[in-house]
A.B. asks: 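Please read through the structure below; I'll follow up with questions.
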Protein chains: 2
Amino acid sequence: MARQNSTGSLADVSRRAGVSVATASRVLNGSTHPVSEHTRRRVLRAAEELGYSPSALARALVTKRSRIIGVVVGDIVDPYFAEITRGVEDVAARAGYMTIVCNADRRTEAELAQLQLLSDYRAEGVVFAGSGYVEDPLGEELADAVRRARVRGMEVVSVALRDFDCPRIHGDNRAAAHDMTEYLISLGHRRIAFIGGPPGLYASRDRFEGFRDAMLTAGIDPELVHEGDFGYDRGYSATERMVADGELPDAVIGANDATAIGALGALRKARVAVPERVSVAGMTDTRLARFSDMTTVGLPIYDFGASAARRIVGEGADQPSETVLPHRVVARSTTARRS
Amino acid sequence: MARQNSTGSLADVSRRAGVSVATASRVLNGSTHPVSEHTRRRVLRAAEELGYSPSALARALVTKRSRIIGVVVGDIVDPYFAEITRGVEDVAARAGYMTIVCNADRRTEAELAQLQLLSDYRAEGVVFAGSGYVEDPLGEELADAVRRARVRGMEVVSVALRDFDCPRIHGDNRAAAHDMTEYLISLGHRRIAFIGGPPGLYASRDRFEGFRDAMLTAGIDPELVHEGDFGYDRGYSATERMVADGELPDAVIGANDATAIGALGALRKARVAVPERVSVAGMTDTRLARFSDMTTVGLPIYDFGASAARRIVGEGADQPSETVLPHRVVARSTTARRS
DNA sequence: TTGTAAGCGTTATCAG
DNA sequence: CTGATAACGCTTACAA
């Protein structure tokens, strides 16, 4: 394998143009330093002829600005993260930054490794897209790593609840779940089942608590609670079980859209009418929900990413260190008034 | 903004350990060059104490190996691309590479820009995940850019049909559509509608032609053809129109899963029974299809990405320059024998 | 307006 | 086994 991969250097260009590298550099990088029109043209032409393109690596090395933003996600394939990533990408690209997406499989250990890698590349900023774990054994270590990274000048921002210190842009999971639950209750449902997220995640906990509190407030015992993992399958199997056990609820809430769609799948399979017999709702309003015309609670996740990126590229330095973006219940066809 | 962001240099470590930078470098990067156990320990400790982490940038500059792989996708949020990206990411990470995902919005112009950016960062390889356009006005320019990149030593591989010269790993879109169509015909359907992809894309053309040929072979006129854009909405609206016009087909094929799910949505809305009254099928078997329990034709898209990445990190140098991976019809609940 | 030269943090070549 | 030292490709005072 030829691992050459260079376009010729500034030295080549300057030689060809008959000027110094300094001068070549000045014209080729939009420096404000004055350069005569004549010289400028010569340099530009030389660069053109050589097909020169500057090495972002070398440039980053000396300027100490890599123009790299990292996004650490739980799983790229999850539309929730894809949407956040898209938000980051869009503003990053506009500001001339590269976005590096790193998968962490929802494991803190992997997050640690990705942070290290990003740090090796001297990323200027990293956004943590996934939620953290309650009492994470690796929590302290990650917090330390983040602290060190920030001391070194790296901008860190999270778009979920995390146990390390950094600016945060997120939604209110508890309130969102609360509102969804209230909505269902307002529709006349009483036996409402909740299929949660991965155990230990703050997001899971908060969404569950929002559900529980709303139920309690309405004087209903929140007894139908199942564990999930933000995946379709667990939503499906949990619902399948309810069907099999003959304890069909009035409604089921999935801790995220994929889970709720799993529930929808199991109900369809069992030929239980939705929403006539049971209502189904998800959370976060990813495309999945829209595609299934499913009721959910919308969170501005694209904006989570976009705002985070803005902070990093320096357009949001004036923002408060904690920003909570609003959610709203999006009623669609999988929920209806209790018959 | 403090844009410092460094961990201290090799020089700092070597000074603290009382050795030369050369020696420090040797122990800190797994060089084979012999170093005494005693010195090694000193260096390791110094590095530890300083929280030293090497600059991948500086390293890349001198070794000429950036360990960066770029993926140029049409749209991250499209699960098709997300899955490919995941494949790339997985093998890249295992080989110690960083993956940079670049959005091109399905525009050749943007692809060109992304390729340039990737080239600035001296990416060792880039995988083009999206299909190309027939008679693309920018086609020649892109082909040129790719040629130059390859000359410089960059590994380029595409996982779809493209008009530039590079190794390719992909599926047979035409055959896939053909097989899907044949399957539907074998179920007794005659009036089969096809909702295509974005006009001009090779993938759109091939899938359409596969459909058309299968119809023709069966002696059926492929008359129900609608334009789409690989998005949900066009699948929905095209189907809505068929419903409104009272020309309900026996079955509808979407050029991809999102399109087919749009069709499903419109049918559900119009209270047309699926699959009893009309069958619906998609293509590529993304999670969307599975979540909707929808018939589709499966393409190993994760493997597209994984194989492409393997070539780049050097594990697939022996592979032929063109690899066609197999597809298969995945029958689920949205298709049935004609009643 | 242009050039010289000192880095940036590594690796690699050569001598000891 | 260890250490100078010259790159790598670029930016940026500082001089001229």
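So that the names make sense, note that chain A is the first sequence line, chain B the second, and so on, each numbered from 1.
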A.B. asks: Could you tell me whether A:S31 contacts a base, only the sugar-phosphate backbone, or nothing, with contacts defined as non-hydrogen atoms closer than 4.0 Å?
C.D. replies: nothing
A.B. asks: Round to a whole Å and report the spacing from CG of A:L61 to C1' of C:dC8.
C.D. replies: 4 Å
A.B. asks: Examine C:dT2: is either OP1 or OP2 under 4.0 Å from a nitrogen or oxygen in the side chain of A:S36? Give yes or no.
C.D. replies: yes
A.B. asks: Distance check: side-chain N/O of A:K64 vs OP1/OP2 of C:dG9, anything under 4.0 Å?
C.D. replies: yes
A.B. asks: Side chain of B:R59, heavy atoms from C-beta onward: which of C:dT10, D:dT2, D:dC10 has the nearest atom to it?
C.D. replies: C:dT10
A.B. asks: Output the rounded distance in Å from CZ (B:R65) to P (D:dG9).
C.D. replies: 16 Å
A.B. asks: Is any side-chain N or O of B:S55 closer than 4.0 Å to OP1 or OP2 of C:dT10?
C.D. replies: no
A.B. asks: Looking at C:dT2, does its base get a donor-acceptor pair with the side chain of A:H33 below 3.5 Å?
C.D. replies: yes
A.B. asks: Can you check the B:R41 CZ to D:dC1 C1' distance for me, whole Å?
C.D. replies: 16 Å
A.B. asks: Classify the side chain of B:R26 versus the base of D:dG3 as yes if they form a donor-acceptor pair under 3.5 Å and no if they do not.
C.D. replies: yes
A.B. asks: With nearest nucleotide decided by heavy atoms, which residue, B:E37 or B:V21, maps closer to the 5′ end of DNA chain D?
C.D. replies: B:E37
A.B. asks: Over how many whole Å does the gap from A:L50 atom CG to D:dG9 atom C1' extend?
C.D. replies: 14 Å
A.B. asks: Please give, in whole Å, the distance from D:dC1 P to B:R42 CZ?
C.D. replies: 17 Å
A.B. asks: Is any side-chain nitrogen or oxygen of B:T23 closer than 4.0 Å to OP1 or OP2 of D:dG3?
C.D. replies: yes
A.B. asks: Would you kindly give the CG-to-P distance between A:L28 and D:dT11, to the nearest whole Å?
C.D. replies: 9 Å
A.B. asks: Just how far, in rounded Å, is P of C:dT2 from CG of A:L10?
C.D. replies: 15 Å
A.B. asks: When the distance from CG of A:L57 to C1' of C:dT10 is rounded to whole Å, what number comes out?
C.D. replies: 12 Å
A.B. asks: Nearest-nucleotide wise, let me know which of B:A22 and A:A56 is further upstream toward the 5' end of DNA chain D.
C.D. replies: B:A22
A.B. asks: Can you tell me if A:Q114 uses its side chain to pair, donor with acceptor, with the backbone of A:N103 under 3.5 Å?
C.D. replies: yes
A.B. asks: When you check the side-chain N and O atoms of A:D163 and A:Y202, is any donor under 3.5 Å from an acceptor?
C.D. replies: yes
A.B. asks: Run the numbers on B:R152 and B:S119 for side-chain hydrogen bond (donor to acceptor under 3.5 Å, both in side chains), then give the verdict.
C.D. replies: CA-CA 10 Å; B:R152 278 187 253 118; B:S119 161; 3.1 Å; yes
A.B. asks: Is a donor from one side chain sitting under 3.5 angstrom from an acceptor on the other, for B:Y80 and B:D75?
C.D. replies: no
A.B. asks: Whether A:S25 contacts D:dT11 is assessed here as follows: a side-chain N or O lying under 4.0 Å from the phosphate OP1 or OP2. Is that the case?
C.D. replies: yes
A.B. asks: Look at B:D90 together with B:R86 and state whether they make a salt bridge at an N to O cut-off of under 4.0 Å.
C.D. replies: yes
A.B. asks: OP1 or OP2 of C:dT11 sitting under 4.0 Å from any side-chain N/O of B:N29?
C.D. replies: yes
A.B. asks: Between B:Y121 and D:dG9, is there a contact of a side-chain N or O with OP1 or OP2 at under 4.0 Å?
C.D. replies: no
A.B. asks: Looking only at heavy atoms, what is the nearest atom pair of A:F128 and A:E111, with distance?
C.D. replies: CD2-OE2, 3.8 Å
A.B. asks: Would you indicate what A:S14 reaches in the nucleic acid, counting non-hydrogen atoms under 4.0 angstrom: base, sugar-phosphate, or nothing?
C.D. replies: nothing
